[in-house]
Amino acid sequence: MSAKDAPPPLPEPLLVEVADSHTHLDMQSGTVDEALARAAAVGVTTVVQVGCDVKGSRWAAETAERYGNVHAAVALHPNEAPRIVLGDPDGWSRQGAREAGGDTALDDALGEIDRLAALPHVLGVGETGLDFFRTGPEGMAAQERSFRAHIEIAKRHGKTLVIHDREAHADVLRVLDEEGAPERTVFHCYSGDAAMAEICAAEGYYMSFAGNVTFKNAQPLRDALAVAPLELVLVETDAPFLTPAPFRGRPNAPYLIPVTLRAMAAVRGIDENAMAEAIAVNTARAFDY
Ligand SMILES: [Zn+2]
Ligand SMILES: [Zn+2]
């Protein structure tokens, strides 16, 4: 392993304990115990483990049952729903998926997400939403149908909705408005600008900032963070993705939350303890734990 692929060093511990509001432990190297121990050593004592397909959602629910400081969110990722309906171009043929009844397959998968969402240690339904970056026009209908179904599941079970919005801001806001958003809605890896942050603020949507808020070219994101009401701001890693600067490109993990949180405190012009205190309270309120 060359130095530039190596896991970044442990940052200085936070003095106020916080949560990583969105992570994928099942996609990271090492064991869950190792990841949680490393995170706890720097003050990241709670994580929300997010499932992206049926298998990952089952794993998230099981892991949350096993660890008191792991909470689960369950869903079919916006890029997973079209894959179920149309067939994975890298897997079985698209034609085959249609013959097998892709819409029925999506309904079956949603049924399993519904069952998992009822579990007491599952606090979130997501990540769901729209992704126009990875899913082309042929998958949009399946993606939107799946998004609407997840909103309904979240509301029926009284769980927090976790939104994945990639290059789809207006349509995500439209669908939320049409369906009626659940009481608690989190935009994970918030990617809108300051104008959208005002809309989210008016709707009471939480905005969870990931490592990309530290990237040089991410000024619009920092402008959004600067205007978001502090009580709606969360922090996440989305690990193993989006490692914060100066470690961009190296593997991400929950223990790197302090790096992003410190950058966020600088954007807000507040002390890191004040930022951490706000985030700790906000995350508990957002996920109702
Ligand atoms: Zn996402
Ligand atoms: Zn994610």
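When a ligand or atom number is given, it counts from 1 through the structure's own listing order. Numbers here are sequence positions counted from 1.
E127 contributes atom OE2 as its closest N/O/S atom to the Zn ion (ligand 2). The N, O or S atom of D238 with the smallest distance to the Zn ion (ligand 2) is OD1. Here the N, O or S atom of H164 that is nearest to the Zn ion (ligand 1) is ND1.
With 2.8 Å as the limit, H22 counts as an N, O or S neighbour of the Zn ion (ligand 2). Distance check for H24 against the Zn ion (ligand 2): an N/O/S atom falls below 2.8 Å. When distances to the Zn ion (ligand 1) are checked against a cut-off of 2.8 Å, H188 contributes an N, O or S atom below that limit.
S21 places a side-chain N or O within donor-acceptor distance of the main-chain N or O of V235, the cut-off being under 3.5 Å.
With F215 as the aromatic partner, R248 meets the cation-pi criteria of under 6.0 angstrom to the ring centre and within 45 degrees of the ring axis.
In this model, a donor atom of one side chain and an acceptor atom of the other lie less than 3.5 Å apart for T237 and D20. When only modelled atom types and interatomic distance are considered, E127 and H24 share a side-chain donor-acceptor pair under 3.5 Å.
Between V42 and P11, the closest heavy-atom pair is CG1-O, 3.3 Å.
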